[in-house]
Amino acid sequence: MSRITKYLKQKCTYEQQKRDANGKAILDTYGEPSYEAPIVIKCRREKLIKDVLTNTGSTLKSSTRYFTDEKQVIQANDKLDGKPVLQVAEYVNQFGVAEGFESYA
């Protein structure tokens, strides 16, 4: 258990984007990314307005910041509470092990 887990008093839904072996998104019949079935995970949610620079170079506004522990790896373009994740920062302890994630959606 990581040190961040004791602060996660809320729950949110998490949908992982389906990816192929190369990490590219698997598209459905309409050309939209497809997602795994939603699961409920522990989190801490904060309302925050922030400009986020995406991996495509565009700037989008984020309205929510999520903190999650290491049990579920969060990546950009996954969904938290139905909103796409724009940016993810990883919290690493002194041993180089990920303890949690800070995600903007």
Side-chain angles (χ1 to χ4, degrees):
M1 182 169 87
S2 76
R3 292 177 284 176
I4 197 171
T5 303
K6 64 183 172 183
Y7 299 106
L8 306 179
K9 305 292 186 191
Q10 299 168 312
K11 296 191 183 288
C12 60
T13 58
Y14 170 71
E15 298 173 65
Q16 183 177 21
Q17 186 179 51
K18 292 182 182 178
R19 295 176 177 89
D20 62 13
N22 297 327
K24 289 187 153 199
I26 296 175
L27 304 179
D28 62 12
T29 55
Y30 301 106
E32 297 293 322
S34 55
Y35 294 88
E36 301 288 342
I39 60 172
V40 176
I41 60 172
K42 293 172 74 174
C43 73
R44 179 181 172 93
R45 181 184 313 110
E46 295 178 350
K47 294 294 181 188
L48 174 77
I49 304 299
K50 178 181 176 180
D51 289 335
V52 176
L53 182 64
T54 64
N55 56 0
T56 60
S58 61
T59 303
L60 299 174
K61 288 220 182 281
S62 166
S63 62
T64 311
R65 175 171 53 183
Y66 293 88
F67 295 95
T68 55
D69 59 13
E70 82 286 355
K71 293 177 187 171
Q72 184 63 55
V73 177
I74 310 290
Q75 295 180 344
N77 298 322
D78 291 345
K79 287 186 178 181
L80 289 168
D81 288 337
K83 297 183 277 188
V85 175
L86 303 174
Q87 186 180 48
V88 180
E90 187 176 60
Y91 285 107
V92 179
N93 65 14
Q94 68 271 22
F95 304 111
V97 178
E99 285 197 351
F101 300 93
E102 178 181 359
S103 308
Y104 294 92

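Small disclaimer: the values here were computed from a predicted structure and weren't measured.
The CD atom of E70 sits 9.5 Å away from atom CG of N93, with the distance rounded to the nearest 0.5 Å. Separation of atoms CD1 (I41) and CG (L80) is listed at 5.5 Å; rounding is to 0.5 Å. To the nearest 0.5 Å, atoms NZ (K83) and OH (Y66) are separated by 4.0 Å. Rounding to the nearest 0.5 Å places CG of D51 at 6.5 Å from OG1 of T59. For the atom pair F101 CZ and Q72 CD, the distance stands at 8.5 Å (nearest 0.5 Å). A distance of 11.5 Å separates CG of L86 from CG of D78, quoted to the nearest 0.5 Å.
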key: Derivation and outcome, side-chain contact (heavy atoms from CB on, under 4.5 Å), residues C12 and V40   = CA-CA 6 Å; C12 60; V40 176; over 6 Å; no
request  = Decide yes or no on side-chain contact (heavy atoms from CB on, under 4.5 Å) for T64 and K47, but give the supporting numbers first.
outcome  = CA-CA 5 Å; T64 311; K47 294 294 181 188; 3.8 Å; yes
ask   = For D69 and K6, what are the C-alpha separation, side-chain angles and deciding distance, and is it a salt bridge (charged side-chain N to carboxylate O under 4.0 Å, His left out)?
value = CA-CA 10 Å; D69 59 13; K6 64 183 172 183; over 6 Å; no
inquiry  = As a quick check of understanding, evaluate side-chain contact (heavy atoms from CB on, under 4.5 Å) for R44 and K9, giving each step before the final call.
reply    = CA-CA 6 Å; R44 179 181 172 93; K9 305 292 186 191; 6.0 Å; no
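In terms of modelled atom types and a separation under 3.5 Å, the side chain of N22 and the main chain of K24 share no donor-acceptor contact. A donor-acceptor pair is defined here as one N or O able to donate and one able to accept, closer than 3.5 Å; no such pair exists between the side chain of S34 and the backbone of D28. Checked by atom type and distance alone, the side chain of R45 never pairs as donor or acceptor with a backbone atom of C43 at under 3.5 Å.
Of all heavy-atom pairs spanning R19 and A76, the tightest one is NH2-O, 2.9 Å.
Heavy-atom contacts from other residues, nucleotides or ligands closer than 6.0 Å to CZ of R65 number more than 12.
Within the 4.5 Å cutoff, the side chain of K42 has heavy atoms near those of the K11 side chain.
Here the options are R3, E102, E99, the test is side-chain hydrogen bond (donor to acceptor under 3.5 Å, both in side chains), and the partner is Y91; only E102 passes. Remark: of the listed residues V73, V88, I74, I4, I74 is the sole one forming a side chain to side chain contact (heavy atoms under 4.5 Å, CB included) with T68.
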